[in-house]
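Each remark here refers to the structure printed beneath this line.
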2 protein chains.
Amino acid sequence: MERTKDGAPRSTAFASAQEVARLAGVSRSAVSRAFTPGASISEDTRAKVEAAAAKLGYHVNHLARGLMRQKTGIVCLVVADIHTPYLSRLLDHLSRALQEAGNVVMVLNAGRAAGNVEAALRQTLNYRADATIVLSGTPYRSIAQSCLDSGQRLVLLNRDDHLPGTVNLAVDNARAARTAATLFLRAGYRRLALVSSAIGTPSLLARRRHFLEAASENGVAVRIWEGGATAYDSGLQGGTELLAADEPPDAVFAVTDLLACGVLDAARRRFGRRVPEEIGVIGFDDIEQAGWASYDLTTFAQPVGEIADWTVRLVAGGIEAGMEDRVFEAPLVWRSSVARTV
Amino acid sequence: MERTKDGAPRSTAFASAQEVARLAGVSRSAVSRAFTPGASISEDTRAKVEAAAAKLGYHVNHLARGLMRQKTGIVCLVVADIHTPYLSRLLDHLSRALQEAGNVVMVLNAGRAAGNVEAALRQTLNYRADATIVLSGTPYRSIAQSCLDSGQRLVLLNRDDHLPGTVNLAVDNARAARTAATLFLRAGYRRLALVSSAIGTPSLLARRRHFLEAASENGVAVRIWEGGATAYDSGLQGGTELLAADEPPDAVFAVTDLLACGVLDAARRRFGRRVPEEIGVIGFDDIEQAGWASYDLTTFAQPVGEIADWTVRLVAGGIEAGMEDRVFEAPLVWRSSVARTV
DNA sequence: CTGAAAGCGCTTACAG
DNA sequence: CTGAAAGCGCTTACAG
């Protein structure tokens with residue numbers, strides 16, 4: 001920070017409100033008002049301020065503004081596995097919606113390590129975020145509690161521990177999983193299987209549980225394969241092992257589209273199974289690849305648009321205002337990986 | 001902001017350095033020093049401060065800190081199409097690397113509209129970001145110039161206008177495109193085609209130009225299909241139209257993996273072509289799907305890890321310090337969509 | 001509508 | 001090593 005000999009303002013690249021005021025021939029307060037929607041200021045002085053600001057290339061310093069106002073405008077998104085189709089799409093919608101509502105989004109990539117979450121939490125606090133949204137499925141109890149303690153607004157996506165003061169947004173996993181089972185049974189499949197990862201995310205667990213329940217209610221047993229990450233490779237391996245077994249399944253519900261694509265490739269490419277005639281597959285998420293010709297997977301769509309819109313409303317309106325937890329429908333997307341009911 | 005009747009400090013959820021100082025029995029300055037690496041402070045007072053801070057749940061306010069220091073710690077990532085496999089992976093690496101280096105990342109989703117870029121620019125300036133990194137391929141001249149004018153550090157990814165004061169990071173598109181042509185020719189393919197989108201990104205244009213040049217140097221003409229977004233659907237359509245034509249190609253270089261997957265599906269599913277015997281396909285990016293069994297696409301890998309590491313170095317070290325533009329190799333990833341040279 | 005003034009929460013020379 | 005003081009760039013009652 002350099003300073004001229006005579007004590008004149010240092011030569012930053014940024015103009016300050018002070019300088020704008022000087023040039024416009026108004027007070028420092030007037031400049032503030034010109035950039036505060038709804039502030040009482042005459043058209044005349046506003047025009048003068050705007051002219052001076054434009055000339056000087058002035059940009060309100062939101063750091064300083066955040067110091068005085070209630071809001072910093074910052075919303076933190078805590079997320080792992082950003083590169084995943086579902087999460088990156090959600091991130092896309094969320095960040096766009098949040099921006100349109102006048103917020104700025106800070107992404108805290110929590111990775112997989114537990115320690116990173118603590119770091120993310122600290123940043124959230126250090127930058128005085130107005131709200132933080134946890135997208136990941138792993139239960140970040142510590143981060144949740146600390147944010148609440150600091151009076152931050154907290155939205156939890158796809159989690160099942162309902163911390164008081166928190167808003168929980170989820171998808172109707174139960175309904176979808178039951179639908180999957182019903183679809184298989186109605187179409188005549190009988191040797192059901194479920195493929196999941198070793199990751200015990202609340203969503204994944206819910207899908208698993210309800211699929212099993214629905215099958216059991218119909219007197220049908222379900223083979224279960226679980227392992228690895230929630231990724232294509234796991235699905236490929238799971239599908240392969242399932243089909244190599246003695247009584248291979250003729251229908252598998254993969255708890256995620258990524259897994260489903262792997263299962264599909266195992267079935268078709270490694271075992272030459274015809275889909276959906278010899279084996280039916282259903283996934284979850286409706287990622288882009290589910291619609292690709294090589295897969296054409298029947299699945300359930302994540303309502304990312306609705307989730308994003310609702311989140312924005314929560315962040316803007318506050319959770320006290322009668323807002324509550326919400327469960328979104330995940331509509332079935334019919335494609336060709338399951339035989340249709342006759 | 002509420003204030004008690006007697007003028008005592010307002011009841012925020014956050015403790016201030018002032019309060020920590022009081023509880024620890026030291027000066028306000030001492031608290032600052034305790035949280036400034038390298039500051040001169042005795043072990044004794046540091047311990048006292050830390051104890052008090054822990055008791056009060058104190059977190060340094062980085063907004064206020066940013067006001068005084070040179071750095072805010074904020075790095076902006078301007079990006080469109082976050083949901084895309086390549087970009088989301090780059091975002092993942094970049095955000096993780098930046099965080100590990102002590103920065104916090106602000107994502108500015110620029111979408112496709114031109115106006116959004118202006119908004120992103122303004123945010124970058126409003127929050128006094130230390131640096132901004134432009135990931136998108138669309139030429140955001142305006143944003144680039146304004147950031148430079150405000151003394152911000154600017155890193156441009158995959159662009160070709162070398163604004164002074166800016167660092168440009170790119171991938172060796174020329175080499176890759178030439179390699180693609182060579183691979184096809186050596187393997188005996190003769191009716192070459194190129195599939196690209198209607199988006200005139202510098203990278204895409206470079207790949208196109210050099211592929212055409214290399215083919216032409218070998219006396220081979222190239223059919224060109226261009227249209228739509230840089231996405232699977234365009235590849236599917238392009239592949240379909242190309243193969244429906246009078247003299248269908250027997251080898252196509254798709255300027256992107258997403259396009260290549262579409263081409264592959266058109267060839268195999270719609271025309272029953274055997275890959276690589278009847279048609280060879282090469283893509284670019286090495287997105288995850290390129291490795292899936294249904295595609296098994298030969299392609300060029302984006303060095304996302306290297307790009308991320310280098311970007312961090314630029315942001316940390318400053319660009320004056322002998323840092324310069326850099327072109328990364330995109331190594332060939334051999335898979336089965338092209339016949340191997342005999 | 002407008003300006004002077006206090007204050008947000010921090011850092012950093014400046015003198016001990 | 002340590003404290004008092006000035007200052008970062010803004011906003012917001014408070015009086016006109």
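Here the structure is a predicted model, which means the values were calculated and not measured. By convention in this document, chain letters (A, B, ...) are assigned in the order of the sequence lines, proteins followed by strands, and residues within each chain are numbered from 1.
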Looking at D/dT2, I'd like to know if its phosphate oxygens (OP1 or OP2) sit under 4.0 Å from a side-chain N or O belonging to B/Thr45. yes
Numerically ordered, the residues 23-34 of chain A set in heavy-atom contact under 4.0 Å with DNA chain C is A/Ser27, A/Ser29, A/Ala30, A/Arg33
Let me know the distance between CZ of A/Arg65 and P of D/dG9, rounded to the nearest Å. 15 Å
How about B/Val171 and B/Pro303: do any of their side-chain heavy atoms sit closer than 4.5 Å? yes
Hey, is the side chain of B/Ser42 poking within less than 4.0 Å of OP1 or OP2 on D/dC1, counting only N and O atoms? no
CG of B/Leu125 versus P of D/dC10: gap in Å, rounded? 12 Å
d(CG, B/Leu63; P, D/dT11) in whole Å: 13 Å
Heavy atoms only: give me the nearest A/Arg159-A/Leu156 pair and the separation to one decimal. CG-CB, 3.8 Å
What nucleotide, of C/dG9, D/dT11, C/dT11, holds the atom closest to the side chain of A/Val60? D/dT11
B/Arg153 side chain vs B/Val315 backbone, donor-acceptor pair below 3.5 Å: yes
Could you tabulate the donor-acceptor pairs under 3.5 Å formed by side-chain atoms of residues 45-67 of chain A, not counting sequence neighbours?
{"from": "A/Asn61", "atom 1": "OD1", "to": "A/Leu63", "atom 2": "N", "distance (Å)": "2.8"}
{"from": "A/Asn61", "atom 1": "OD1", "to": "A/Ala64", "atom 2": "N", "distance (Å)": "3.2"}
{"from": "A/His62", "atom 1": "ND1", "to": "A/Val60", "atom 2": "O", "distance (Å)": "3.3"}
{"from": "A/Arg65", "atom 1": "NH2", "to": "A/Phe35", "atom 2": "O", "distance (Å)": "3.1"}

CG of A/Asn61 versus C1' of D/dG9: gap in Å, rounded? 6 Å
Suppose you measure atom C1' in D/dT12 against the same atom in D/dG16; what distance do you get, rounded to whole Å? 16 Å
In DNA chain D, stems of three or more consecutive pairs, Watson-Crick or G-U, each with both distances under 3.5 Å, turn out to be C:1-3 with D:14-16, C:5-12 with D:5-12, C:14-16 with D:1-3
Taking A/Asp92 first and then A/Arg96, would you say they form a salt bridge - that is, a charged N and a carboxylate O separated by under 4.0 Å? yes
Length of the line joining A/Met68:CE and C/dG7:C1', which is rounded to integer Å: 5 Å
Would you name the heavy atoms of A/Asn109 and B/Ser95 that are closest together and state the gap between them? ND2-OG, 3.0 Å
Between atom CD in B/Glu19 and atom C1' in C/dC10, what is the gap in whole Å? 14 Å
Could you tell me which non-hydrogen atom of A/Phe328 sits nearest to which non-hydrogen atom of A/Glu306, and how far apart they are? CD2-OE1, 3.4 Å
Walking DNA chain C from its 5' end, the first of A/Ala64 and B/Phe35 to be reached, judged by nearest nucleotide, is A/Ala64
Side-chain N,O (B/Ser16) to OP1/OP2 (C/dG9) below 4.0 Å: no
What closest approach, in Å, do B/Thr72 and B/Asp130 show between heavy atoms, and which atom pair accounts for it? N-OD1, 2.8 Å
Whole-Å distance, B/Arg46 CZ to D/dT2 C1', equals 14 Å
Distance, rounded to the nearest Å, where A/Phe14 contributes CZ and D/dG9 contributes C1': 12 Å
Minimum heavy-atom separation for B/Gly305 and B/His93, please, with both atom names. CA-ND1, 3.9 Å
For D/dC10, take OP1 and OP2 only and decide whether either is under 4.0 Å from a side-chain N or O of A/Tyr58. yes
Would you say the side chain of B/Val107 lies within less than 4.5 Å of the side chain of B/Ile82, judging by non-hydrogen atoms? yes
